[in-house]
Student: 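Have a look at the structure that comes next, please.
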Amino acid sequence: MIFKKQHSMYESEHTKFIKELKGQLPGMEERQQAGRALLWDKAPLSLDEQARIKESRLRQNAYPYQAKV
């Protein structure tokens, strides 16, 4: 079980860097969460809204520069 003990104490360079960075920049996690909420965490769309978006999409050709024959 000595092997397990050595692994539990191991800390990668990346983990050390992140811990040091968080220590230097207080509030960094809150700013990260706010940025994520701004770009990714969005309210789900209603079925009516999804249908409207689907209907308003324009069909694109597979290769837009090909001459229409």
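As the structure is a computational prediction, the values presented were derived from the model and not from experiment. Along the sequence shown, the residues carry numbers beginning at 1.
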Student: Between CD of Gln24 and NZ of Lys19, what distance do you get to the nearest 0.5 Å?
Tutor: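 Output value for this atom pair is 14.5 Å.
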Student: Less than 4.5 Å apart, side chain to side chain, heavy atoms only: is that true for Leu25 and Arg31?
Tutor: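 Leu25 vs Arg31: side chains touch.
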Student: Counting only heavy atoms not in Lys16, do more than 12 sit closer than 6.0 Å to its NZ atom?
Tutor: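 Yes, enclosed.
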Student: Kindly check if the number of other-residue, nucleotide or ligand heavy atoms within 6.0 Å of CD (Glu49) is above 12?
Tutor: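 Yes - once you tally the heavy atoms of other residues, nucleotides and ligands closer than 6.0 Å, there are more than 12.
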Student: Could you tell me which non-hydrogen atom of Arg36 sits nearest to which non-hydrogen atom of Asp41, and how far apart they are?
Tutor: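 For Arg36 versus Asp41, the nearest heavy atoms are NE-OD1, 3.1 Å.
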Student: So does Arg52 pair up with Glu55, basic N to acidic O under 4.0 Å?
Tutor: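 Glu55 and Arg52: not salt-bridged.
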Student: Same hydrophobic cluster for Phe17 and Met28, using side-chain heavy-atom links shorter than 4.5 Å among ILVMFWY?
Tutor: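 Yes, it is one cluster - the side chains of Phe17 and Met28 are joined through contacts under 4.5 Å.
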Student: With rounding to the nearest 0.5 angstrom, report the OG1 to CD distance, Thr15 to Glu20.
Tutor: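 Spacing of OG1 (Thr15) from CD (Glu20) equals 12.5 Å.
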